[in-house]
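Note: hydrogens, waters and symmetry copies are ignored here, and every other heavy atom, side chains too, is used.
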Amino acid sequence: RATFLSPDIPYAREHDFAEVLRMHEVLVVDDVTRDSRVNQEAVRIYGTHSFIFGPLMAGDKILGVMSVERGEAGAFSDREIELTRAAAQRIGMALSGEGAREDVQQQLTRVNLLNQIARAIAERQDVESVFRVVLDTLEREMPADLGAVLSYDTGTETFTIAAVGTKNYSLLTELGLSE
């Protein structure tokens, strides 16, 4: 902690760090050059300009921290923060043995799958191609008979099929459905 975070800051009294230590929540810093809590020497050494720290928990005990770092400053999306939170939670469960009913390799595979999907989404701008990439990745990696994305219209309270995976597209027509 002293290497990466400024040793001059009393972390136990600092609001954000006190929250991380007490509440065991994810810490997000979008621009380390504008955050006095971060040791600027560490920024120079590691080249990090923004990061997310996700606590790896076993019950109330912190087992470690998962770090997601970027070489440039910039806000993390809500999705990236949630993916980090979910991945840290799963890894913490695997490390503590609480998730014994699921194999550790399976959990790491899921985290990898989430990372693949997040990277694929980041490379695309239009919603339809994002849907396709997510569905294709899930169908390739999971035992699914049919993958689809549905949009919900609150006004009419109806679902519309926005996209369907390509693996078993014919099943859609057998069910009498279409995009």
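- Annotation for V68 and F76: closest pair O-CZ, 4.1 Å, computed over non-hydrogen atoms.
- Note on F159: it clusters hydrophobically with V164, by side-chain heavy-atom contacts below 4.5 Å among ILVMFWY residues.
- Of all the heavy atoms in M66 and A88, the pair that sits closest is CE-N, 3.9 Å.
- Under a hydrophobic-cluster definition in which Ile, Leu, Val, Met, Phe, Trp and Tyr are linked whenever side-chain heavy atoms come within less than 4.5 Å, directly or via other members, V32 and L27 are assigned to the same cluster.
- The minimum heavy-atom distance linking R132 with A163 is given by the pair NH1-CB, 4.0 Å.
- Under the 4.5 Å side-chain criterion, counting only non-hydrogen atoms from C-beta, F53 is not in contact with V29.
- Applying the salt bridge (Lys or Arg N to Asp or Glu O under 4.0 Å) criterion to D31, with sequence neighbours excluded, gives R34.
- Looking only at side-chain heavy atoms (C-beta outward), T160 and D153 stay at 4.5 Å or farther from each other.
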Run the side-chain donor-acceptor check on residues 79-86: report pairs under 3.5 Å with partners two or more places apart or on a different chain.
from: E80; atom 1: OE1; to: R70; atom 2: NH2; distance (Å): 2.8
from: E80; atom 1: OE1; to: S77; atom 2: N; distance (Å): 2.8
from: E80; atom 1: OE1; to: S77; atom 2: OG; distance (Å): 3.4
from: E80; atom 1: OE2; to: R70; atom 2: NH2; distance (Å): 2.5
from: E82; atom 1: OE1; to: R85; atom 2: NH1; distance (Å): 3.0
from: T84; atom 1: OG1; to: E80; atom 2: O; distance (Å): 2.9

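- In terms of hydrophobic clustering, with Ile, Leu, Val, Met, Phe, Trp and Tyr side chains grouped at heavy-atom distances under 4.5 Å, L138 and V130 are assigned to a common cluster.
- No path of Ile, Leu, Val, Met, Phe, Trp and Tyr side chains, each step under 4.5 Å between heavy atoms, connects L150 with V127, placing them in separate hydrophobic clusters.
- Taking CG of L56 as the reference point, atom CD of Q89 lies at 11.0 Å (rounded to 0.5 Å).
- In the hydrophobic clustering of ILVMFWY residues, with side-chain heavy atoms under 4.5 Å counting as a link, I161 and Y152 come out together.
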